[in-house]
> 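Shown below is the structure under consideration.
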Amino acid sequence: MSYDQSLTIFSPDGHLFQVEYASEAVRKGTCAVGVRGKDVVVLGVEKKSVLKLQDARTVRKVCMLDDHVCLAFAGLSADARVLIKQARIECQSHRLTVEDPVSIEYITRFIAKLQQRYTQMPGVRPFGISTLIAGFDSDNKPKLFMTEPSGIDTAWKANAIGRSSKTVREFLEKNYKNDMEQRDSIKLAIKSLLEVVQTGAKNIEIAVMTDDKKVRNLEVEEVEEIVAEIEKEKEEEAEKKKKPTSSA
Amino acid sequence: MNSLVQKYSKTSTAHDEDVLGVHGKWDASLDLAFPTFDIPGAQNPLSFLRNVTDEASSDYKIKIQHGTTTLAFKFQGGIIVAVDSRATMGNYIGSQTVKKVIEINPYLLGTMAGGAADCSYWERELGRRCRLYELTNKERISVAAASKLLANLVLPYKGMGLSMGTMVTGWDKSGPNLYYVDSDGSRIKGDLFSVGSGSTFAYGVLDSGYRNDLTVEEALELGKRSIFHAAHRDAMSGGSVNLYHIHEEGWTYHGNHDVAALFWEYQDLKAEERAAAV
């Protein structure tokens, strides 16, 4: 008997195959990276190459849920659209009922709850997206959360989702330092994205949120400048490695 | 009838957008819908109820009695809450020892004026939801949110004869806060309120003695005195005064003071002052 035909059946060894297949769909999506610094959160996304006749501005991968919360996703864009809309409504609904903006954890939990519900209902399929939710709470500390198609939500110092996320996450684990300044956080995000984005600055989009709760999308020139700096550092590293042999 | 309750039960302004059926229900459990009650099996329950509880109408049959004095005010040292303790059913004094302050949690208080059952039921329900909020969000609920919860709870029953005039007050992240919430749907933030049939008497004494820079002892005395004067002159208020002080660490109970004993105490004080002045 095939246990992957229905969402609401467990396999004998405890898998919900449909949910796992949803994660596969996420792994096909473009990469997104989040880095939490001392007083900044950086979200970086890989922009798919825009076809010649396409208007680049219509492809948005980093979205605002409220003034102080950002979301980046990996996976099926249409599913993301639905979730983001519900999250945006919930942010306003929360402001109305409780007279306070949502905390990042609250909205993450809301999105995760929604994703989980769709793994336990007949006649539907799970959302094929993972999300990275970033922002600042009223305590002015930066926060970064991730949700998955299964409905799990977790908090992170730095994470990656989508294509080659495992590689990028390993890179982040090796190079992450606690309490990084803004510049270093941005550099780390770009550096880790460069592991998967071969074509460079024009296919990377970076959003930086600072503790004044303002979000800034970096201009292409700024990203290019940092990429150039990273390249230079790589060359210098390579030079240093060569040096000992040259003095022989 | 259920459709009527449904119509008034929607607290979310975006119910057209609510395709996934998730909004207006931010409680921990999704089945925490409004408790449902029996509604008169009349053609139009609202106008039926309105007729029957309105003193001026010819159909006046349900006499809802509410006599009370409650007050609360903000000052430099926090918030003072003072209430009387008499419950009346028409001309009959039901009890002289009613607790008209409900301790929602160690830093949130609610006062009760109006229908005793309405107040105590809904404020207990508020207490339950505040606790659920704390568990879900791992932080205390703000006074603004708690008062809004209560206001939204009773709004669907507007016009159906609920009688509740309450003050929700406490100390939260943004400092001391005081809100007045009633069964007509009002929710007002303020620094000084008095609610109930004896409120006019209390306001007189309260307003003339109030200053923001009162000390805690002076403020407690002012609250006690205001309730005493209302209890003295208003037939529907009396029994004893219950005093509370809300400060940064929560609320503290400052005792039960019998109104009759207070009368003689103040008489003696007056005599002393007169003797001193002479």
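Because the structure is a prediction, the values reported are computed rather than measured. Here is the naming used below: chain letters follow the sequence lines, and residue numbers restart at 1 for every chain.
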> Are B/R187 and A/E99 within salt-bridge range, i.e. N to O under 4.0 Å?
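Counted as a salt bridge, because a side-chain N and a carboxylate O are separated by less than 4.0 Å.
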> Quick check on A/R95: does its CZ atom have over 12 non-hydrogen neighbours (other residues, nucleotides or ligands) under 6.0 Å away?
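Buried by this count: over 12 neighbours within 6.0 Å.
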> Are B/N137 and A/E105 close enough that some pair of their side-chain heavy atoms sits under 4.5 Å apart?
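Counting from C-beta outward, B/N137 and A/E105 never come under 4.5 Å.
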> Less than 4.5 Å apart, any side-chain heavy atom of A/V98 and any of B/Y133?
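Touching, per the 4.5 Å side-chain cut-off.
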> CD/B/E139 to CG/A/D139 distance, rounded to the nearest 0.5 angstrom?
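One finds 9.0 Å between CD of B/E139 and CG of A/D139.
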> Does any backbone or side-chain atom of A/S138 lie under 4.5 Å from a heavy atom of chain B? Answer side chain, backbone, both or neither.
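The answer is the side chain of A/S138.
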> Heavy atom to heavy atom, less than 4.5 Å: which residues from residues 244-253 of chain B reach chain A?
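The residues closer than 4.5 Å to chain A amount to none at all.
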> Enter the distance from A/D100:CG to B/K148:NZ here, rounded to the nearest 0.5 Å.
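Here the rounded value is 10.5 Å.
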> Would you list the atom pairs, donor with acceptor, under 3.5 Å between side chains in residues 151-161 of chain A and any protein atom, with sequence neighbours excluded?
from: A/T154; atom 1: OG1; to: A/W156; atom 2: NE1; distance (Å): 2.9
from: A/K157; atom 1: NZ; to: A/N178; atom 2: OD1; distance (Å): 3.4
from: A/N159; atom 1: OD1; to: A/R169; atom 2: NE; distance (Å): 2.7

